Every structure is written in structure tokens, then in C-alpha cells.
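One structure below.
Source: prediction; values computed, not measured. Sequence positions, counted from 1, serve as the residue numbers for this chain.
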Amino acid sequence: MRVRKDESRPLRAEDDVVRARQAVRSWAVEMGFSLVDQTKLVTAASELARNTVVYGGGGTLLMEALEDGARKGLRLVFADQGPGIPDVETALRDGYTTGGGLGLGLGGARRLVNEFAIESAAGQGTRITVVKWK
């Protein structure tokens, strides 16, 4: 697998979440994703970027255009140095929330992409990697 292009963006405030959504949509359009897949990517990115800002205290988004033979994909990595997620399995369960929302965030984001991975440690932060293949 080869990274064809990459770009990193800060996620510090709500305005950065909006800019991250716009950047992900732009990359998805440029890479030729269908409108449905663009919407899935932007929705997942929006949720994960917001979590990075609100729960992680801010961090970064790394976008990578991937090539794996004839297959093309977009990898998004959300990283923060926040408190971490104490119980990842519980956090992925629909209905679980620590912020008074509907609790569809992480589990919903996971369903919108082809690959989803979380690395989290108490006091060291969280890194969520998602990939959508074309």
C-alpha cells in the first residue's frame, strides 16, 4: 500500500471541525468517491473531529490518499493527547454517551467506513484511524 498524498490539519476549536469536514469532502470528490460515500466519510469525519476537540481537548487530523494496486482509499487519523477512553468497547456501543448526546458517535462512525481502529490509553490520549475504500 502506498500513500499518494497526505495533509495534516489542527483540530482545536469548532471552526476546525467545519474546516476538517470541508477538507475531507474535497479530498473525497477529488478521489472520485460517489456522493453516498462522500457523505459517509464526511459524517464519520465530523463526528470524530468533534470528539477530538470536545473530549480530547484538541489534536490533529491526518488525511492520506491511499493506493493498493488498483484500489484507492482515503485514510483519516484523528489523534489527541486527552484523557483517553477508559472502556473502548463500551464507548463503541450504541446508546453510550458521556456528553448527553444520542450515543451514536463512535459506533455510527465505525459503520460508515470500511476499516476502523482505536488506540487509547488513560492519560495519554486517543488515536482513531478510519479508511474508506473506493
Side-chain angles (χ1 to χ4, degrees):
M1 183 172 2
R2 181 171 84 87
V3 176
R4 228 186 57 218
K5 170 180 160 184
D6 65 73
E7 179 182 320
S8 186
R9 295 179 159 265
L11 295 172
R12 306 254 182 266
E14 196 63 36
D15 287 351
D16 293 328
V17 174
V18 172
R19 283 189 281 278
R21 287 174 55 95
Q22 292 167 340
V24 168
R25 179 167 306 279
S26 175
W27 277 50
V29 167
E30 179 184 314
M31 292 178 68
F33 279 92
S34 70
L35 182 57
V36 169
D37 283 343
Q38 290 171 35
T39 302
K40 288 178 179 181
L41 269 165
V42 169
T43 302
S46 180
E47 177 62 29
L48 298 172
R50 184 179 170 281
N51 285 356
T52 300
V53 170
V54 173
Y55 301 110
T60 58
L61 162 61
L62 173 64
M63 299 180 293
E64 297 176 314
L66 304 176
E67 282 183 355
D68 188 15
R71 189 165 77 150
K72 293 184 184 345
L74 181 54
R75 177 165 49 206
L76 307 174
V77 181
F78 300 84
D80 66 60
Q81 300 293 309
I85 301 171
D87 183 346
V88 171
E89 287 307 312
T90 299
L92 286 167
R93 198 173 323 135
D94 285 346
Y96 176 79
T97 180
T98 59
L102 296 175
L104 299 176
L106 290 178
R110 178 172 61 178
R111 287 188 296 276
L112 293 171
V113 296
N114 302 113
E115 298 175 22
F116 184 96
I118 296 181
E119 301 166 47
S120 190
Q124 296 179 8
T126 301
R127 179 182 175 98
I128 299 177
T129 303
V130 300
V131 179
K132 186 73 174 169
W133 293 103
K134 227 178 86 161

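- In this structure, the side chain of Ser26 does not engage the main chain of Gln22 through any donor-acceptor pair within 3.5 Å.
- Of the listed residues (Val113, Leu112, Leu48), just one forms a side chain to side chain contact (heavy atoms under 4.5 Å, CB included) with Thr43, and that residue is Leu112.
- Residues Leu106 and Val88 share a hydrophobic cluster, clusters being chains of Ile/Leu/Val/Met/Phe/Trp/Tyr side chains in contact below 4.5 Å.
- Once rounded to the nearest 0.5 Å, the distance linking CD1 of Ile85 with CG of Asn51 reads 7.5 Å.
- Between Leu61 and Ala20, the closest heavy-atom pair is CD2-CB, 3.8 Å.
- The hydrophobic cluster containing Val77, built from Ile/Leu/Val/Met/Phe/Trp/Tyr side-chain heavy atoms closer than 4.5 Å, also comprises Leu62.
- For the pair Asp87 and Glu89, the minimum side-chain heavy-atom distance is below 4.5 Å.
- Within the model, atoms NZ of Lys132 and CG of Leu41 stand 6.5 Å from one another, a figure rounded to the nearest 0.5 Å.
- Between Leu76 and Thr129, the closest side-chain pair of non-hydrogen atoms is not below 4.5 Å.
- The two residues Pro83 and Gly56 come nearest to each other via the heavy atoms CD-CA, 4.4 Å.
- Residue pairs satisfying the side chain to side chain donor-acceptor pair (under 3.5 Å) criterion with at least one member in residues 57-70, sequence neighbours excluded, are listed as follows: Arg2-Glu67, Glu64-Arg75, Asp68-Arg71.
- Across Ala45 and Val24, no two heavy atoms sit closer than the pair CB-CG2, 3.8 Å.
- Partners of Lys134 under the side chain to side chain donor-acceptor pair (under 3.5 Å) rule, at least two apart in sequence or in another chain, do not exist in this structure.
- Listed by first and then second residue, the salt bridge (Lys or Arg N to Asp or Glu O under 4.0 Å) pairs that reach into residues 19-28 are Asp16-Arg19, sequence neighbours excluded.
- The nearest pair of heavy atoms linking Ala23 to Met63 is CB-CE, 3.8 Å.
- Every residue two or more places apart in sequence or in another chain was checked for a side chain to side chain donor-acceptor pair (under 3.5 Å) with Arg4, and none qualifies.
- Applying the 4.5 Å side-chain rule to ILVMFWY residues, one finds Val3, Leu66, Val131, Trp133 in the same cluster as Met1.
- In this structure, CG on Asp37 lies 11.0 Å from CG on Leu74, to the nearest 0.5 angstrom.
- Contact annotation: the side chain of Phe78 never approaches that of Thr126 to less than 4.5 Å [non-hydrogen atoms, C-beta and beyond].
- The shortest non-hydrogen separation linking Trp27 to Lys5 is CZ2-CE, 3.4 Å.
- Closest approach of Arg12 to Val53, counting heavy atoms only: O-CG1, 3.8 Å.
- Residues Glu7 and Arg9 are paired through a salt bridge, judged by an N-O separation under 4.0 Å between the basic side chain and the carboxylate.
- To the nearest 0.5 Å, atoms CD (Gln81) and CZ (Arg127) are separated by 10.5 Å.
- Separation of atoms CZ (Phe33) and NZ (Lys40) is listed at 11.5 Å; rounding is to 0.5 Å.
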